[in-house]
Chemist: 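Pasting in a structure now, in structure tokens, and then I'll have a few things to ask.
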Amino acid sequence: MGIEKNVGFDEFPEQGSHLGKQVEVCFNYDTSRTLAGKIVRDDMDEPYRTIIELENGKYILASECQYSPKD
């Protein structure tokens with residue numbers, strides 16, 4: 001468990017323009033296998049986290065994959 005200075009009961013980091021956008025996700029640069037996803041968190045302030053909800057119901061950090069906007 002931890003503490004982040006910008007995350008609390010009454011505060012949350014400002015969210016960026018990718019919030020809610022559909023993306024295509026791959027792992028280890030293997031673009032032959034992708035999953036659809038949606039950006040559910042896009043921090044513009046500390047702790048600078050981007051979280052993606054995958055079509056299979058799992059959640060991943062942007063640092064765990066590669067992703068691009070879906071057309």
Chemist: For P13 and E46, work out which heavy atoms get closest and say how close.
Modeler: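 Minimum heavy-atom contact is CG-O, 3.4 Å.
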Chemist: Any non-hydrogen side-chain atom of E53 less than 4.5 Å from a side-chain atom of I51?
Modeler: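 Result no, sub-4.5 Å side-chain heavy-atom pair not found.
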Chemist: L61, F12: one ILVMFWY side-chain cluster at the under-4.5 Å cut-off?
Modeler: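 L61 does not cluster with F12.
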Chemist: Would you confirm whether Q15, through its side chain, and D42, through its main-chain N or O, come within 3.5 Å as a donor-acceptor pair?
Modeler: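 Yes, the answer is positive, given that a donor and an acceptor are paired below the 3.5 Å cut-off.
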Chemist: If you compare all heavy atoms of H18 against all heavy atoms of I39, which two are closest, and at what distance to 0.1 Å?
Modeler: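 Heavy-atom minimum between the residues: O-CB, 3.2 Å.
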Chemist: Within the side chain of Q66, is there an N or O that forms a donor-acceptor pair under 3.5 Å with the backbone of N28?
Modeler: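 Yes, because the side chain of Q66 sits within donor-acceptor range (under 3.5 Å) of the backbone of N28.
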Chemist: Any idea which heavy atoms bring V25 and I60 closest together, and the distance?
Modeler: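 Heavy atoms only, the tightest pair is CG1-CD1, 3.8 Å.
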Chemist: First locate atom CG of L35, then atom CD of E55, and finally report the distance between them rounded to the nearest 0.5 Å.
Modeler: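 Rounded to the nearest 0.5 Å, the CG-CD separation comes to 5.0 Å.
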Chemist: For the pair K38 and I52, evaluate side chain to side chain contact (heavy atoms under 4.5 Å, CB included) and give the outcome as yes or no after the intermediate values.
Modeler: CA-CA 5 Å; K38 179 173 78 170; I52 302 168; 5.9 Å; no
Chemist: Please determine whether the number of non-hydrogen atoms from other residues, nucleotides or ligands lying under 6.0 Å from atom CG of N56 exceeds 12.
Modeler: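 For N56, atom CG is crowded (more than 12 foreign heavy atoms under 6.0 Å).
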Chemist: For the CG atom of D45 and the CD atom of E14, what is their distance to the nearest 0.5 Å?
Modeler: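 Reported to 0.5 Å precision, the distance equals 5.5 Å.
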Chemist: Under a 4.5 Å side-chain heavy-atom rule over Ile, Leu, Val, Met, Phe, Trp and Tyr, are Y59 and L54 clustered together?
Modeler: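 Different hydrophobic clusters.
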Chemist: Mind listing the closest non-hydrogen atom pair of C65 and C26 along with its distance?
Modeler: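 Here C65 and C26 meet closest at CB-O, 3.3 Å.
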Chemist: Mind listing the closest non-hydrogen atom pair of K5 and E11 along with its distance?
Modeler: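 Smallest interatomic distance, heavy atoms only, reads O-OE2, 3.5 Å.
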Chemist: With hydrophobic residues grouped by side-chain heavy-atom distances under 4.5 Å, do F27 and V23 end up in a single group?
Modeler: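 Yes.
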Chemist: I need the N6 CG to M44 CE distance, nearest 0.5 Å.
Modeler: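 N6 atom CG to M44 atom CE measures 12.5 Å (nearest 0.5 Å).
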